[in-house]
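One structure is given below, encoded as structure tokens.
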Amino acid sequence: MENKKRVKGKIKQYLRIPLYWDLFWIIASVIAFCCNRNAGIFLLICTGVYIVISAVLYVRMKPKLAQNLVNFGTQYGLIQRRMLNELELPYGLMDESGKILWSNQMMNELMEEDSVKNRNIIDIFPEFKTEFLQLEKEEYEFEIQHQEKIFKVVLREIDFNETLENEEFPLVDQGDGIMIAFYLFDETRIQELSKETRDERTVIANIYIDNYDEVLQGVEATRRTLLVALIDRRINIYFSQYDGIVRKLENDKYFVMFKTKYISKMQTNKFAVLDDVKNVNMGNGIPVTISIGIGMGGKTLQDSYELSTTAIDMALARGGDQAVLKDGSKVYYYGGKSKSVEKNTRVKSRVKATIFRDLIETKSDIYIMGHHIGDNDSFGASIGMYRICKTIGKTAHIVVGEMSSSVKELVQSFRESEEYEEDLFITGEEAEERMGKNDALIVVDVSRAGYTEHPRLVRQAHCIIIFDHHRQTTDVIEGAQLSYVELSASSASEMVVEIMQYINETVKLTKMEAEALYSGIMIDTNNFTDRTGVRTFEAAAYLRKKGADITRVRRMFREEMADYKAKAKAIENAEIYLDEFAISTYIPNGQEESPTVVGAQAANELLNVKNMKASFVLTPYNDQIYISARSLGKVNVQILMEDFGGGGHMNLAGAQIKKAEITDVIQELKEKISKRIEEGDL
């Protein structure tokens, strides 16, 4: 039987409207007949004529209208398909496996083929990944490169069953009816213009001479002007090759401006001006070092200047002799190979002590906190701060948690003494409940919130004071009312002892407090053999005058036989990497009180082996891997530990790695050592 053309949907309803009016006129004729017989007959005759005419028109016009609609739909479909095929945009359809079912002319021309039909999209674009086809949303965007051009690819899910209202689509095997349309937008020019815009942005830099006064003191008066002129020349020559503008603000400070496009070149040569300035020699016994703080990525010049100010502060807080690039929220470090120079002057300590006293006097209660798994330095500095606060007349509490075995003995001694309050030591949770808006939090021996004993306390505190001697990193505690970071100090305990002497009141230390501070200096200097200076011994002498018993302090550090054997085992199992680096693993047996301390001690002992430049001991503990890194000054272990998210000093650093296998960490450590050696950083 020949198929009949049928008109359906809204058009069919529109065609039946005259028939619906037939009923209306019949009812109207009946009503008119009831009112007036002659009028009703006349209207009924007219209605009959209308019904006949509308019926004839409906029967005769319906096939023609259907034919016209079919012709229009066919022509419309052809035009639409031709427009898609000739669209000035590469476009196509593929199934969920990536097989191309249809592509337009531009897509074929882009691929330089007559047709890419039945090819897989992954074979055409290597950057295309299978997971891209697993659309979690209706539209997905990403970038690919093809023939030196950059395209933004847009994938869009199409449900043909829904689109065609369950009509059959004979051109494809519908399956579940899900297809993927893909569009390629050429963004090469946009990317070029965007890069050009970024490259032309102005970069702001601040340059400080770290040791200006110390260098000039060792130079004859007649040569000082020439020395400064040579430093100026080296800085100007370096930045002039990058079209930079250098302006000297003060004797030891410079302001620099240049374009972003030169940053990559400076990064490649690792800011060679750092070494150029060091080579300036006019009879100065101390090499000249500079710090560079660079700010870029700000929306305005003011934003970039503020970023550069933050960067120079970070460079100085990390010991100087380095460049810090702050690109928005990202921070990059270059240099930092020199040791921090100890300053003989105590002006900074006196100024910080005055500010500290003025700040504390306005607060109610004081909470003191060190780093997680507190050691003797962290505890000693906390005890010293407690005594300072008591001298000023403030109530103070020390937040304690997990700690090393030697610290546990000290804590127990203080708890048993009748001279101290019962709530001298409190937990982090108790401190959270007690701390009010007018209280202050003093953080010692650490400047990273995540490494403190109770990080939530840092977020809760309205007033934060920091005393630390470690190099700062990107996640330093922000918003501190007072931050005293002294890289040349041997320990936080040494810094606290200096603060004591400038409080304007006599701080009366007890014997136990003096010994706690002395033990802090002793542990961080490895029995006064590492990172010691004149001020270190002056602080130790001050504590001796206050009654510190050296013999009693030394007894604190005696080890259990099990710990001693464990340390010896870790040393025995050490692997010598590249003939200069000792790498070992210490696996706790569950009997040690402080496995991380044993690992650190093993790292110290490994440095006594001939030809060893650095040692690394990895200790798995509490679902983390603790790395203790040590060196004798030739290798900067701090930058290695920063690669693992840690930090510390040039010759003493560490890191904590979560959810990792120890074999993977050892392999990664070796790779980072090799990479740093190749780049000249070690």
Side-chain angles (χ1 to χ4, degrees), residues 270 318-319 322 331-337 371-373 375 446 448 450-451 470-475 526 530 566-588 592 594-682:
K270 297 183 179 179
R318 289 166 55 84
Q322 59 191 281
V331 182
Y332 305 93
Y333 303 102
Y334 302 89
K337 301 178 184 179
H371 54 74
H372 182 54
I373 311 182
D375 58 9
V446 64
R448 303 171 68 177
Y451 279 46
H470 299 99
R471 293 193 177 196
Q472 292 188 350
T473 55
T474 53
D475 56 346
N526 194 16
D530 297 331
K567 182 174 67 174
K569 188 69 175 178
I571 296 171
E572 180 185 357
N573 295 333
E575 172 190 357
I576 307 303
Y577 181 64
L578 299 179
D579 299 328
E580 296 176 328
F581 301 92
I583 302 175
S584 182
T585 300
Y586 169 60
I587 307 297
E592 312 91 335
S594 303
T596 57
V597 173
V598 177
Q601 291 173 345
N604 287 329
E605 292 293 333
L606 284 169
L607 283 181
N608 294 326
V609 179
K610 283 186 177 181
N611 301 323
M612 288 301 104
K613 289 185 176 180
S615 63
F616 306 88
V617 176
L618 288 74
T619 306
Y621 180 59
N622 286 348
D623 298 326
Q624 294 188 97
I625 296 176
Y626 291 79
I627 306 179
S628 295
R630 302 290 186 269
S631 77
L632 292 176
K634 292 185 178 180
V635 173
N636 188 344
V637 293
Q638 180 218 357
I639 59 175
L640 281 171
M641 292 302 98
E642 284 183 343
D643 291 340
F644 288 97
H649 299 284
M650 286 187 61
N651 52 358
L652 187 153
Q656 301 173 17
I657 306 169
K658 298 180 179 179
K659 298 179 180 179
E661 294 294 332
I662 199 162
T663 53
D664 296 336
V665 177
I666 291 175
Q667 182 60 34
E668 186 178 358
L669 176 61
K670 291 179 179 179
E671 292 174 357
K672 291 185 183 298
I673 291 174
S674 300
K675 181 180 178 181
R676 289 286 184 178
I677 291 175
E678 292 176 3
E679 295 176 352
D681 292 334
L682 293 182

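The figures here come from the full heavy-atom set of this structure, side chains too, leaving out hydrogens, waters and symmetry mates. What you see is a predicted model, and the numbers here were worked out from it, not measured in a lab.
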In Å and rounded to the nearest 0.5 Å, what is the NZ to CG distance from Lys675 to Asp643?
7.5 Å
Is the shortest side-chain heavy-atom distance between Ile657 and Ile627 below 4.5 Å?
yes
Kindly compute the distance separating NZ (Lys670) from CZ (Phe581), expressed to the nearest 0.5 Å.
12.5 Å
Shortest non-hydrogen separation from Tyr586 to Gly599 and the atoms involved:
CD2-N, 4.2 Å
Please step through side chain to side chain contact (heavy atoms under 4.5 Å, CB included) for the pair Ile673 and Leu640, ending with a clear verdict.
CA-CA 7 Å; Ile673 291 174; Leu640 281 171; 4.1 Å; yes
Scan the side chains in residues 609-619 for donor-acceptor partners under 3.5 Å anywhere in the protein, sequence neighbours excluded, and list what turns up.
unit_1	atom_1	unit_2	atom_2	d
Lys613	NZ	Glu580	OE2	3.4
Ser615	OG	Ala603	O	2.6

Do Val637 and Leu652 have side chains that get closer than 4.5 Å, going by heavy atoms?
no
For residues Gly647 and Glu642, report the shortest heavy-atom separation together with the two atoms involved.
CA-CG, 4.2 Å
Taking the side chain as every heavy atom from C-beta outward, state whether Leu669 and Tyr577 have any atom pair closer than 4.5 Å.
no
Of all the heavy-atom pairs spanning Ile625 and Glu661, show the shortest one and how long it is.
CD1-C, 3.8 Å
Atom pair CD1 (Ile662) and OG1 (Thr585), whose distance is rounded to the nearest 0.5 Å:
4.0 Å
Using a cut-off of 6.0 Å, state whether more than 12 heavy atoms not belonging to Asp623 lie near its atom CG.
no
Working note: Leu606 + Ile571, criterion side chain to side chain contact (heavy atoms under 4.5 Å, CB included); need CA distance, chi angles, decisive distance, verdict.
CA-CA 7 Å; Leu606 284 169; Ile571 296 171; 3.8 Å; yes
Nearest 0.5 Å, what's the CE-CD distance between Met650 and Gln638?
8.0 Å
Nearest 0.5 Å, please: how far is CZ in Arg676 from NZ in Lys672?
8.0 Å
Between Met641 and Ala653, what is the shortest heavy-atom contact and its length?
CG-CB, 3.6 Å
State which residues pass ring-ring contact (aromatic ring centres under 6.0 Å, His included) with Tyr451; sequence neighbours excluded, sorted by chain then number.
none
Can you run down the salt bridge (Lys or Arg N to Asp or Glu O under 4.0 Å) pairs that involve residues 596-609, sequence neighbours left out, and say none if there aren't any?
none
Which heavy atom in Ile639 sits nearest to a heavy atom in Asn636, and how many Å separate them?
CG1-O, 3.1 Å
Crowding at NZ, Lys270 (>12 non-hydrogen neighbours, <6.0 Å):
yes
Quick check for you: to the nearest 0.5 Å, what is the distance between Ile373 atom CD1 and Tyr621 atom OH?
6.0 Å
